[in-house]
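Notes for the one structure printed next.
Remember, it's 1-based here, ligands and their atoms both numbered in the order they're listed.
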Amino acid sequence: MTLQAPKGTFDWLPPRSEVALAVREALTAPVRRAGYGYVETPVFEDTALFVRGVGESTDIVSKEMYTFTDKGGRSLTLRPEGTASVVRAVLQHGLHNGQLPVKLWYSGSQFRYERAQKGRYRHFWQVGAEALGAEDPALDAELIVMAADGYAGLGLTGVRLLLNTLGCRECRPAYRAALQDFLRALDLDEATRQRVEINPLRVLDDKRPEVQAQLAGAPLVVDHLCEACKTYHEEVRALLTASGVIYTDDPRLVRGLDYYTRTTFEFVHGGLGSQSAVGGGGRYDGLSEMLGGPVLPGVGWALGVDRTVLAMEAEGLLDREEAASRVQVYGVPLGEEARRRMFLLITELRRAGLDADMSFGGKGLKGAMKGADRSGAGYAVILGERDLAAGSAQVKDLASGDQTAVPLAEIVETLKERLRK
Ligand code: HAM
């Protein structure tokens with residue numbers, strides 16, 4: 001058997017791969033318009049970055065990391081997410097010493113050793129945006145509005161926004177204690193009991209019906225917020241409403257990473273089955289300090305490209321033809337000499353800014369014309385021995401079938417002219 005891609009991974013092939021590119025482009029268009037700068041960080045980092053940043057008790061760190069020791073004996077991990085890396089890069093290069101907030105966006109592969117299923121992969125793609133150095137509800141709202149606009153820009157209508165706040169270092173401890181008191185009185189298995197002690201909020205996210213049934217009366221963070229967090233959250237909500245972004249308050253929304261404070265949110269889509277989150281994010285005011293940096297509040301999101309494509313599929317948005325990569329002109333050379341001349345002509349057309357391809361592999365007229373049809377080109381340029389001798393080529397309009405002889409020296413100009421119409 002030939003080798004297969006590893007479990008939980010897949011290949012993006014044309015024409016669907018074009019959709020993936022278009023989705024990355026469309027989801028990041030709003031942040032690029034808002035002055036966010038592009039950042040690229042390494043695909044692997046010191047393992048300690050994620051252990052400290054994402055949190056030791058999270059599923060991501062405790063079960064899902066691709067960790068290895070390199071030949072120099074360092075423990076490295078393929079990044080499971082982008083936020084910790086971005087904060088590390090900001091601190092390392094002192095970007096926070098300049099104009100604040102530092103606004104950055106990224107796009108790249110992430111790796112999590114998860115149970116593979118539709119919409120949940122071990123290698124997946126996120127686009128993300130982070131804003132560091134300001135504690136301002138307008139920044140939280142700006143990011144959420146931009147993500148909503150990104151989905152809308154793709155024509156998606158079924159994306160819902162769930163919004164919550166997790167409080168801050170002032171009010172969270174009291175809430176945590178109240179939640180622990182409640183959870184300790186429940187009938188839970190040993191592993192869950194341990195989780196109650198380490199990360200009680202995660203227990204709220206337990207999907208098992210026997211656990212969910214017991215959680216009905218669990219204390220909610222909204223009832224334990226300090227005045228500052230309440231005011232902050234009201235402002236975020238008001239700005240979203242004023243921007244026309246519809247959201248649902250979800251006081252039980254729990255995120256899978258430990259760094260969150262205050263605003264948290266998730267974008268979900270009904271057409272994806274159990275993996276409904278197409279994007280998520282929130283505020284992480286303590287992350288910089290967890291990584292050994294100064295006080296540097298931050299907020300951001302990451303949107304899943306793979307799941308966004310699935311959502312588009314569920315809404316029937318991929319049936320449109322422009323998904324395929326198409327050229328404008330297709331060269332059909334007949335014979336050795338014609339192939340050499342056609343190669344130069346196609347090169348010239350491309351340098352003149354036209355999308356052009358040609359038939360390869362010494363095909364005859366019939367086979368080459370089939371290639372022309374499949375290429376989506378508007379025009380074929382056919383070059384046979386007789387044309388060569390006459391110093392011209394046949395330019396064929398593939399829609400109407402009209403064919404005219406054009407001197408070789410005028411082909412580029414002629415096609416530019418015709419394609420401009
Ligand atoms: P996250 O919720 O872990 O957040 O991931 C964000 C999005 O990535 C998810 O909503 C989902 O669409 C996609 N995703 C996650 N895991 C998988 C997977 N196994 N297969 C396919 N898609 C997946 C973060 O990663 C945070 N760094 C977001 C953030 C940025 N918070 C603040 N700034």
Side-chain angles (χ1 to χ4, degrees), residues 7-10 12 20 23-24 27 31 36 39 41 45 49-50 53-55 58-61 63-66 78-88 90 101-132 139-140 142-144 146-147 150-151 156 159-162 164 166 202 205 253-269 271-288 297-312:
K7 187 175 164 119
T9 72
F10 65 92
W12 282 103
V23 165
R24 292 177 204 169
L27 290 180
V31 287
Y36 283 64
V39 61
T41 59
E45 296 267 4
L49 175 67
F50 303 116
V54 175
T58 60
D59 281 354
I60 295 181
V61 170
K63 301 183 198 156
E64 298 171 0
M65 295 211 298
Y66 280 92
L78 297 184
R79 64 181 178 206
E81 64 106 45
T83 310
S85 302
V86 169
V87 175
R88 195 256 322 129
V90 166
V102 180
K103 291 176 156 189
L104 298 168
W105 71 275
Y106 53 93
S107 174
S109 292
Q110 313 293 338
F111 307 85
R112 294 182 194 176
Y113 189 79
E114 293 199 73
R115 212 156 41 77
Q117 63 179 87
K118 184 182 173 192
R120 186 159 69 193
Y121 309 110
R122 293 181 176 174
H123 168 232
F124 58 98
W125 197 281
Q126 285 183 343
V127 297
E130 315 286 351
L132 290 113
L139 208 50
D140 306 41
E142 164 177 290
L143 277 151
I144 295 172
M146 289 190 301
Y151 291 122
L156 283 166
V159 177
R160 284 201 314 131
L161 166 62
L162 307 178
N164 194 18
L166 292 179
R202 294 289 309 154
D205 201 30
L253 177 71
V254 177
R255 304 267 304 127
L257 306 95
D258 273 356
Y259 47 60
Y260 291 112
T261 53
R262 290 195 169 167
T263 315
T264 49
F265 52 89
E266 227 157 64
F267 290 92
V268 293
H269 193 279
L272 300 186
S274 60
Q275 303 306 313
S276 62
V278 290
R283 181 157 278 284
Y284 46 86
D285 292 342
L287 180 54
S288 166
V299 56
W301 47 242
L303 313 180
V305 171
D306 312 77
R307 287 189 197 166
T308 303
V309 174
L310 290 177
M312 291 178 70

Sorted by chain and residue number, the salt bridge (Lys or Arg N to Asp or Glu O under 4.0 Å) partners of K63 (sequence neighbours excluded) come out as D59
Between Q275 and Y121, does any side-chain donor sit less than 3.5 Å from a side-chain acceptor? no
Salt bridge (Lys or Arg N to Asp or Glu O under 4.0 Å) partners of E64, counting only residues at least two apart: none
Sequence-distant partners of T9, side chain to side chain donor-acceptor pair (under 3.5 Å), two or more places apart: none
For the residue pair Y151 and V159, what are the closest heavy atoms and their distance? CD1-CG1, 3.8 Å
The answer, listing residues by chain and number that come under 4.0 Å of ligand 1 through any heavy atom, is E81, T83, R112, E114, G119, R120, Y121, F124, Q126, E130, R255, L257, Y259, Y260, A277, V278, G279, G280, G281, G282, Y284, G300, W301, A302, G304, R307
Can you see whether T83 engages Y259 through a side-chain donor-acceptor pair at a distance of less than 3.5 angstrom? yes
